[in-house]
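For reference, the structure discussed in these notes is given below.
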Amino acid sequence: MNLNKNQKIAAETSDRICCVLAGPGTGKTLTITAKIIHLLEKGVSPKEIAALTFTQKAAIEMKQRVITNLRQEKNLPFIGTFHLLCLKLLREFLSDREKHFQICTRTKQKEIISAIHKKNVDRIIEKITNFKNTNTPLDEKILPIYEKYEEKKKELNLLDFDDLLLKTLELVNKKQIPALFSHIIIDEFQDINKIQYALIKGLLKENGYLTVFGDPDQAIYSFRGSEIELFLELPKDFPDLTLINLSLNYRSQKNIIEASNKFITANTKRFSKKIESTREQKSPIILFEVEDEYEEAKTILREIKQRLGATDFTELYKNKEETSCSFSSFAVLTRTNNQLKIIKDCLDKEGIPVKTIKKDTEHWTSKITKKITDAIVNYSDKLFTNMPLQSFIESSNLYEELSNTEIFILSNIAKTYKDGKLIEQIQALIDELTSLTPVDLFPENINAVSLLTLHSSKGLEFPVVFIAGFDEGLIPYTLTSDTDIEEERRLFYVGMTRAMDELILIHSRQRLINGKKITLPVSSFLKDIPEEYVIKKVRQNRAGPKQKALF
DNA sequence: GTGGAGCACTTTTTT
DNA sequence: AGTGCTCCAC
C-alpha cells in the first residue's frame, strides 16, 4: 500500500490513544485499512481487534479492502457497525433465556407505536430514540406511549436498534461482558454519541489501543444524537492523546480546497486543521443567480449539456470511453429532498438519466430481491462453464444495475453456493437485505447524474458538483426555529468538498416553498467564501420585468 | 374495505 | 403544492 507520510504514521504508530483528523479526500479508509493490516502483520490476534463504523456501507467497503489486501478472508478481525457488534455480543453473553430475542425493525416499531397512538408515529419514534440515546426528556404525552411500547417489545421478545447498544452497555457496566479488545479503531468518530462512547471505553482492555478517525468539520448528524463535543473533548478525556492530521487532499483542485478551508474557519466548534490540495488549480467556483426553481433546473441542464459537448445522448451511451465526462460525472445537491423533484423532471424530459436515493423501503426490498434472485438463477447456468462470478457480473448488465453493496452480498451468496439449496440461499439473502438502507442501494455504477441531499452526499465525490438552492433560508436552513448554524455550515462544507474539478452554486430569487411563493436573498454563507474564489453570473429572465440582482 | 372530503404538516437519516 | 392521514358514508 502506498501511503503518504502522515497516513503511514497513523497506520503504524504504537501510541496508545490516537485521533486521526481526516479531512475530506485525505485517504481515511485507505489509512484505516493499512492500520488493520499493519496490526495483523505485527502478529496481533484478529480477535483482539475491532474496527467499528456507523454504516454498513462503510463497513463493507473497509472489509472488502482488507480482504483484497490480505488475499484471504479467514481470521479477519471484527469489521462492522456498532449495532452488529452489539448484536453478536448479546447473542453470546445474554442468558439463555434472554438471548433469543428478535430485532424490532423500523417497520415493526411503527406497527407497535401506531397500535398505541395513531398520529405522528414517526415523530414519536424519533423522540423515543432521542430519549434513549441522549436522555432528552420525554414530555407527558409521549411518556405513556413510550412505556407501552417498551412493554409490548418485552412481551414480543424484541429489542430495537437502540436497545442493542443500551443492553450491551448495561452488561459491560455490570461486568457481564468483559473488556474484549486490545485494539479498537473507530471510523467517522464525529458521528459518535454518548452511548457508543461509553461502549468503546468499556470494551477496550486496560492499556488497550484506541485510534479514532474522523473530521469534526463533517459532523452533520447532531439531529439524530451525535455529539461533536465528544470528539472535541478527546484531549481532555485522554491527556496523552496523539493528534495526527491527514493534510493532503487527493480529490479536489486547489480553488475548492482553499475556498472550503477558509469557509469553515467561520465555525468555532472545531480543531484547526490544515488541508492542502495535491492537484493543479482549475476554474473558480461559479455562482449563478436565476429567477426561480425552473430556471435553476434549466441552468443545471444547460451546464451539463455544455460539458458533455453532445446533443445526441444515445451516442454518449455507446462511446463512454471516448468522452472525458459522462452523466455520472455530475451531481446535484440540495438541502431538502423535495427541491430535487423539479430538477429531476427537467433532466428526465431532456433524456438525461438521473439516479436518486429511493426511500420506499418495502418496494426496493422486493425489487432488489427479485433482481438478485434472477442474477443467481442466471449465474447457476454459467456454473457449468466455471465462469468466475466477477466476470459474470462484469459481462452482464448487473455491474451497472446493482449497487456495490448488492454486488458484495451477491458475491457472498455465490461463494457459498452449492447445487440444491437455491431457495434457502435466497431466503438467507432476503434476511440480509432487510437490514439494508436506501443509501446502501444507491446504484453507484450506473451512468447517470446523481441527485442527492447534502446529507446523503457525504463520502461521495464527483468531477462537477451543483449545489442548488443556495438561498438564505434553505442554506443555512432557517425555515424552522431551532437552527444550529455551525452544523449547517459543516453541511455546506461537506457539499463543497464533494467537488473534484468544478463547484457550481445556484441561487434562485424566487421559489415555491410549502405552497407559498417566496423571495429569498442569496445564502449568508456566501460572505464566508472569500470573493476571489467565486465568479458570479446573473441570469435575467428575458420575458419578465428587469429585476435588480441581489448581489 | 374503499373512496373521497377534510385536515395537518412540510429538514436532514442510520441501525 | 403535495402528501399522508383520519374519518365517515356506502
Side-chain angles (χ1 to χ4, degrees), chain A residues 52-60 80-88 90 103-110 114 117-123 125-126 128-130 132-133 158-168 187-188 190-193 195-196 199 218-226 292-294 333-342 345 357-361 405 432-442 452-459 469 471 473-484 487-492 494-495 511-518:
Chain A
L52 297 170
T53 67
F54 293 93
T55 65
Q56 299 219 57
K57 195 180 167 212
I60 286 174
T81 62
F82 275 89
H83 292 82
L84 180 62
L85 178 67
C86 289
L87 177 65
K88 290 193 168 188
L90 290 176
I103 292 177
C104 183
T105 60
R106 186 70 173 200
T107 315
K108 193 72 191 170
Q109 269 184 315
K110 281 190 183 185
S114 54
H117 188 91
K118 288 194 182 355
K119 271 181 159 178
N120 298 327
V121 175
D122 288 306
R123 192 175 302 171
I125 293 175
E126 198 183 315
I128 292 176
T129 296
N130 250 313
K132 289 186 170 193
N133 282 294
L158 298 173
L159 292 185
D160 65 25
F161 290 120
D162 303 320
D163 297 333
L164 293 178
L165 271 66
L166 287 166
K167 195 88 190 162
T168 307
D187 186 25
E188 304 276 18
Q190 75 280 354
D191 290 337
I192 198 124
N193 71 28
I195 311 290
Q196 291 151 345
L199 211 46
Q218 295 184 73
I220 56 172
Y221 286 116
S222 76
F223 70 91
R224 63 178 200 214
S226 310
D292 59 27
E293 60 268 50
Y294 294 96
L333 313 182
T334 57
R335 180 62 179 80
T336 70
N337 278 302
N338 67 2
Q339 288 170 259
L340 293 171
K341 185 168 187 310
I342 288 169
D345 290 347
I357 289 178
K358 298 178 195 73
K359 308 211 83 178
D360 194 335
T361 317
T405 308
E432 282 203 58
L433 281 175
T434 54
S435 64
L436 292 185
T437 67
V439 174
D440 289 327
L441 302 172
F442 188 64
L452 300 162
T453 61
L454 287 164
H455 280 89
S456 49
S457 74
K458 201 174 128 194
D471 312 345
L474 289 174
I475 298 177
Y477 193 88
T478 49
L479 300 177
T480 45
S481 54
D482 54 347
T483 304
D484 177 345
E487 176 138 323
E488 294 292 317
R489 194 177 279 105
R490 292 191 289 267
L491 184 57
F492 186 69
V494 165
R511 190 180 292 281
L512 201 64
I513 294 178
N514 297 343
K516 284 199 189 96
K517 192 122 198 160
I518 58 168

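Below, chain A is the first sequence line, B the second, and so on; all start at residue 1. Not measured: the values here are computed from a predicted model.
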Which letters describe nucleotides 5-11 of chain B, given B = protein heavy atom under 4.0 Å from base, S = only from sugar-phosphate, - = neither? ----SBB
Between A/Y221 and A/K458, the two heavy atoms sitting closest are CE1-NZ, 4.1 Å
Starting at CD of A/E487 and ending at P of B/dT13, how long is that distance when rounded to a whole Å? 12 Å
Does A/R489 make a cation-pi contact with A/F492, if we ask for NZ or CZ under 6.0 Å from the ring centre and within 45° of the axis? no
Roughly, in whole Å, what's the span from CG in A/D162 to C1' in B/dT14? 10 Å
Within 6.0 angstrom of A/Y294 OH, more than 12 heavy atoms from elsewhere: no
Just how far, in rounded Å, is P of B/dT13 from CG of A/L333? 12 Å
B/dT13 pyrimidine/purine six-ring stacking with A/F223, under 5.5 Å and 30°: no
Whole angstrom value for the distance that separates P of C/dG2 from NZ of A/K516: 16 Å
Can a donor-acceptor pair be found between the side chains of A/E126 and A/T129 at a distance below 3.5 Å? no
Looking at A/D482, is its backbone amide N or carbonyl O close enough to the side chain of A/T480 to form a donor-acceptor pair, meaning the two atoms are under 3.5 Å apart? no
Exercise: identify the closest heavy-atom pair between A/K167 and A/L90: CG-CD2, 3.8 Å
Close side-chain approach of A/Y477 to A/T336, heavy-atom, < 4.5 Å: yes
Measure the distance from CG on A/D122 to P on B/dT14 and round it to the nearest whole Å. 14 Å
Separation of C/dC5 C1' from A/H117 NE2 (nearest whole Å): 12 Å
Base, sugar-phosphate or nothing for A/F54? Non-hydrogen atoms, less than 4.0 Å. sugar-phosphate
For atom P, what is the distance between B/dT13 and C/dG4, given to the nearest Å? 16 Å
Without decimals, in angstroms, what is the distance between A/L454 CG and B/dT12 P? 11 Å
Could you state the atom-to-atom distance from CD1 of A/I125 to P of B/dT13 in whole Å? 16 Å
